[in-house]
Each structure stands twice: as C-alpha cells, then as structure tokens.
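Single-structure report; data block below.
Lettering follows sequence order; numbering is per chain, from 1. All of these numbers come straight from a predicted model, not from anything done at the bench.
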Amino acid sequence: MKISAVRGMRDILPEETPLWQHLEAEIRTAFGLYGFRELRTPLVEEAQLFSRGVGEATDVVHKEMYVFQDKKGLPLALRPEATASVVRAYIEHGLYAKGGLAKLYYLGPMFRYEKPQKGRSRQFHQYGVEALGSLDPALDAEVIDLSSYLMERLGLAREGLFLRVNSIGCKGDRVRYREALREHLEPRRDELCPDCQRRLSENPMRILDCKREGCQPAIRTAPRSIDHLCPDCRAHFQEVLSHLDLLGIQYELDHTLVRGLDYYTRTVFELCSRDLGAQDALLGGGRYDDLVELLGGPPTPGVGFAGGMERLVLVLQGQLKKTEKLDVYIVPVGQEREVWRTAAWAASRLRRAGLSADVEYLGRSVRKATQAAAQLARCALFLGPEELAQGQATLKDLSSGKTVPLPLEKLSSPDELHPFFEPEENGDVKGGCGGGQG
RNA sequence: GGGAGCGUAGCUCAAAGGCAGAGCACUGCGCUGUGGCCGCAGGGGUUGCGGGUUCGAGUCCCGUCGCUCCUCCCA
C-alpha cells in the first residue's frame, strides 16, 4: 500500500521552509510593532463554536467544515478559521476583565474541505490579528495600516496590490439593506443565475459578489450598503476612510464587497494581488461588533483580519531563500575505525562550540565527499590516518580553496577554535574558514 | 457541488498501437587522500492505480485516485 498525503494537504519541504520561516518572522515582527501579542488556540474546537460564530448558513461552515465526533460523541471541528477561536479564548479566560484593549495575533493551520486549486488547499495556513474592546474607527484603520505595512516589509510592490473597502453597517442596517436589495432584485429575478436566485431568499447580499456576466446589470444598479447606514455607522465609516487618507493608504470603495462570514459588521476590507489567479485575496477582514456577545461574552466590539500564507508564498516565490550552509563538513579519509570515531567526536566538539557541522556518513570517495561539502558547507575538515598521526585535521575553506592544519586539541576549546572560522580581516592568511561567502 | 486538461526515472520532458528513451541529478573511473571544467561507464521504471479492447497498450475505452485550471467560495 502506497501512502501519500491526503488530498489538499501537502508537505512543505526543506527547500521551502526558509521562505516560510522568513515570512513568519516578518509577520511576528510587524504584529509586535503594532502591539499585538500571540495567542495559540487549539486546532480542534466544538463544532458549534463555528456554526454559531461564523454562521450556520455560510459555505465555510455548512459545506466545508471538517466535523467528526470524539469517543463520547461530542461533535468536534478542525478550525476553518481562527476568529471564533480567539473570541472563545477571550471570553473563556476573561480577558475583557483585564482591562484595556486585547490585541491578539495568531499563526497556524486551518482546515476547509474544498476542491484544491491554486492558492487554495484543505489544510492551509493563516496569520491574523484581532483587536477586541474598542469601537474607535482609528483602530479599523490601524488594522488596515498593519496589513499594508506587512506587505511593505515583505517587499510587495504597491502597484501589485489593491485594497478594497466597504461598510455593511450594523445589525439593524443590514436588515434594512437586505430588504432594499430584495426590492431591487426581486423584479429582476429572471436575469439572475440559478445560484443568485437561491441567494435572493437566503442571503441577498451574497449576490453582490457574483461574477457572472448575466448578473452584472442587476448588481450594478443595486442599492449600495453605504446608503443604508444609520448615522452612527455612517460617521464611523467616514472616520475610517479619513484615517486611511491620513495614513496615506490608497483604497477603492467597493460596494459589492460583502464577505462570506456572518459575523462581519460595519467595516469590511480585502487586500488583493494582481499576480494571482481566481483566488486573488491575500488577506481579508473587518469589524465584528456582535460576535463576542453572540458567543456568550459581554458586548464587545472587535476588528481584525486574516491572511493566507500559501498565497503570500505564491506571490513571493521569486524570493526563495537559499538554505543556510553548514560551517563545517567533516570528511573522514579511508576506512580506519579510529578515523571515523574521531570524525564523529570532532563534529560533536564543533557543535558545542556553536559551529554547525555534519559528517560524511555515506562513505563516498573523498572526491565526491568534497563535492558534497562544497554544496553544503563553508569549509571541509579532512581527517585521515596521516592527520591523525600528527594529532590534527586539515581545514579547507571551500570558497578560497585555502587549507590550514587544525590541531585536534583546539576542538576542545571554543575560544581557540573560533579564530579558525572568523572572517579574515584585511586579507591576512590567518587561516581558516570565514573567508569569502561567495 | 459543476466543467476542462494532465499523470512516463529523484526532477524536466520525449516515445501519435510495435524493443520504454533523453537531458539534468545520482554512483564509479580517467584523477590511488581534496570540489567547481571535461571525458567514459553504470545504476535506476509494476508508464498513478484497477479493469477492458487488441496478436500486441505508455498510447484506445471504462472506472478510480491525484495534480492543475475555471466555476463556486474564500485566506
């Protein structure tokens, strides 16, 4: 039986992990600069957390969620997104009682049972932030600013990106807006695609982001959510936009941006790339002022976003990081047992001195092993009967080709060892291996 | 969920019903214990899997799994 990774879930191989680690480090740094602190929540939650929080009617919950029962029959779900988990933890640990604003971030795998394609898999990775406890529109703008700053840090050109913003109002606004949409669309039911006809009764707002040609005329003339905002929501949105202007962030108002999760209120936004295919959203988010209360906490507003790691990786493929080279690759010469034992010992000493080291365990010819060493390491350390007899090894700098004897006793003393590996100053033949990095 | 295309060596790909191949990579040798160039030789495959048609299937048919893309939805 041949076993392979399950559909839509893949291995991230050592060639790719340096890029992932780089992205993760940049994300953590950016989030930290904005005052967010990491919260790690379980990958598994009670299924009802998501059906209540994200919405029973959403595709994410009712079509795409991995649900199973534990041994006691409790319905569990692999998390399809993290906001609901963060809010659950916020309530469970009484973070609201600790005063102030809770600014939390996360990073990790999410699961949705979908048909895999470019930029979409069943296990994927999201990074995101949630700011809980303030209704200040400056915070909406800050979160958007953070997403923009993150892209700058990652070296994504502004021209390749576009930011779409909209406001869908509070609960009451949405009820009124939904009615207005129905009134507009019902007479045009025949123009709409079958999906949209179904949405007309279930969730008319989702018709707005239908991409079918036939639906466009009805969508273009449809009423806009920002015309149905209550005075508070209208003022809030204006403040958000004015803060974005202040921060110098370019955006386009998109009246068709509604997003697929039920908990969003007021501000919604999406940051998209021009370099991706059908799945072009790098990150998306917005405000969710009713979610904490909905999940049993005190009324607490929130705003945040989530981004997809895989999509970042796609956009940044060109920047693949090279794997870091080892400091030393040890090549035992010949078959003598004592030589090989000394090689293993030397590796252990080098590592304790803080130098990364590996040994030629495959027993290839010295020629082949040296070739391999040049791929893997900055220096090769040759160790054979001749060296052993003199109590030393031969250290070779693989970029300059220079060799120098390294007395074995130096291996026991990091202080004496390090000079051999420090970059040469003013070209002095000090020996060693720090030379040109090539 | 619906649609289209593709699965051949570790990788990139040939073979259009008739002996499964090339390049790169890998191993050895030229060069006996020191890389990058060059030359020679070698190892590698149940052609995704399972059926069927045929004297004969990588090739045609059916099924299945996987990948890619579109639709849908979203990160």
### Task
Evaluate the side-chain proximity of A/V258 to A/N203: yes if any heavy-atom separation is below 4.5 Å, no if none is.
no
### Task
Determine the contact category for A/E386: base if any of its heavy atoms lies under 4.0 Å from a base atom, sugar-phosphate if only primed atoms, P, OP1 or OP2 are that close, otherwise nothing.
base
### Message
Does A/E387 reach a base, just sugar-phosphate, or nothing at all? Heavy atoms under 4.0 Å.
### Response
base
### Closest to side chain of A/S365, choosing from B/A75, B/G28, B/G36
B/G28
### Message
Quick test of your reading of the model: are A/R88 and A/E92 salt-bridged, counting only N-O distances below 4.0 Å?
### Response
yes
#### Entry: Whole-angstrom distance between B/C6 and B/G10, as gauged at atom P
23 Å
### Message
So that I can tick it off, tell me whether A/K368 and A/E360 are bridged by a salt bridge, with the cut-off set at under 4.0 angstrom between side-chain N and carboxylate O.
### Response
no
### Task
Using the six-membered ring wherever Trp is involved, compare the ring planes of A/Y127 and A/F31 and label them parallel, tilted or perpendicular (cut-offs 30° and 60°).
tilted
### Query
Taking atom types as they are modelled, is there a donor-acceptor pair under 3.5 Å from the base of B/G1 to the side chain of A/E64?
no
### Task
Compare the minimum distances between each of B/G3, B/A75, B/G28 and the side chain of A/K115, then state the nucleotide with the smallest one.
B/G3
### Message
Please classify the nucleic acid contact of A/A373 as base, sugar-phosphate, or nothing, using heavy-atom distances under 4.0 Å.
### Response
nothing
### Query
If you look at every strand shown and take non-hydrogen atoms under 4.0 Å, does A/L312 touch a base, only sugar-phosphate, or nothing?
nothing
### Task
For the pair A/F305 and A/F269, name the ring-plane relationship: parallel under 30°, tilted 30 to 60°, perpendicular over 60°.
perpendicular
#### Entry: Inter-nucleotide P distance (B/C55, B/A41), Å rounded
41 Å
### Message
For the C1' atoms, the ones on B/A9 and on B/A20, what distance do you get once it is rounded to whole angstrom?
### Response
11 Å
### Query
Which is true for A/S147 with a 4.0 Å heavy-atom rule: it touches a base, it touches only sugar-phosphate, or it touches nothing?
nothing
### Query
Among B/C72, B/G28, B/G33, which nucleotide sits nearest the side chain of A/V366?
B/G33
### Task
Indicate, with a heavy-atom threshold strictly under 4.0 Å, whether A/G334 touches base, sugar-phosphate, or nothing.
nothing
### Message
Side chain of A/T394 only, heavy atoms from C-beta on: which candidate in B/U71, B/G28, B/U34 is closest?
### Response
B/U34
### Query
How would you label the contact of A/G8 with the nucleic acid (heavy atoms, under 4.0 Å): base, sugar-phosphate, or nothing?
sugar-phosphate
### Query
Has the side chain of A/R112 got a donor or acceptor atom sitting under 3.5 Å from an opposite partner on the base of B/A75?
yes
### Task
Among the candidates B/U68, B/A75, B/U27, find the nucleotide nearest to the side-chain atoms of A/K118.
B/U68
### Task
Once you apply the 3.5 Å cut-off to both distances, tell me the Watson-Crick or G-U wobble partner of B/G1, or none.
B/U71
### Gap in Å between the two P atoms, one belonging to B/U34 and one to B/G28, rounded
14 Å
### Task
Taking only the side-chain heavy atoms of A/P385 (C-beta and beyond), determine which of B/G33, B/C67, B/G35 contains the nearest atom.
B/G33
### Task
For nucleotides B/A15 and B/U53, find the distance between their P atoms and express it as a whole number of Å.
28 Å
### Query
Rounded to the Å, how far apart are A/R311 CZ and B/A75 C1'?
5 Å
### Message
Do A/L282 and A/L161 make a side-chain contact, defined as non-hydrogen atoms from C-beta onward lying under 4.5 Å apart?
### Response
yes
### Query
Picking from B/C70, B/A75, B/U34, which would you name as closest to the side chain of A/Q279?
B/C70
### Task
Among B/U27, B/A75, B/G35, find the nucleotide with the atom closest to the side chain of A/K396.
B/G35
### Message
With rounding to the closest Å, how many angstrom separate the P atoms on B/C11 and B/A16?
### Response
23 Å
### Query
Do A/Y105 and A/F36 have ring centroids that are under 6.0 Å from one another?
no
### Task
Report yes if a donor N or O on one partner sits less than 3.5 Å from an acceptor N or O on the other, where the partners are the side chain of A/R120 and the base of B/C72; otherwise report no.
yes
### Message
Between B/G18 and B/G23, how far apart are the two P atoms, rounded to whole Å?
### Response
23 Å
### G-U wobble or Watson-Crick pairing nucleotide for B/G33 (cut-off 3.5 Å, both distances)
none
### Message
Under 3.5 Å for both donor-acceptor distances, Watson-Crick or wobble: does B/G44 have a partner, and if so which one?
### Response
none
### Query
How far, in whole Å, is B/G21 from B/G44 if one measures between their P atoms?
13 Å
### Message
Taking pairing as Watson-Crick or G-U wobble with both contacts under 3.5 Å, can you name the mate of B/C49, or confirm there isn't one?
### Response
B/G63
### Task
May I ask which nucleotide in the shown strands pairs with B/C24, Watson-Crick or G-U wobble, both distances under 3.5 Å?
B/G10
### Task
Just name whichever nucleotide pairs with B/C55, Watson-Crick or G-U, keeping both distances under 3.5 Å, else none.
B/G18
### Message
Between B/C65 and A/R7, counting only base atoms on the nucleotide and side-chain atoms on the residue, is there a donor-acceptor pair under 3.5 Å?
### Response
no
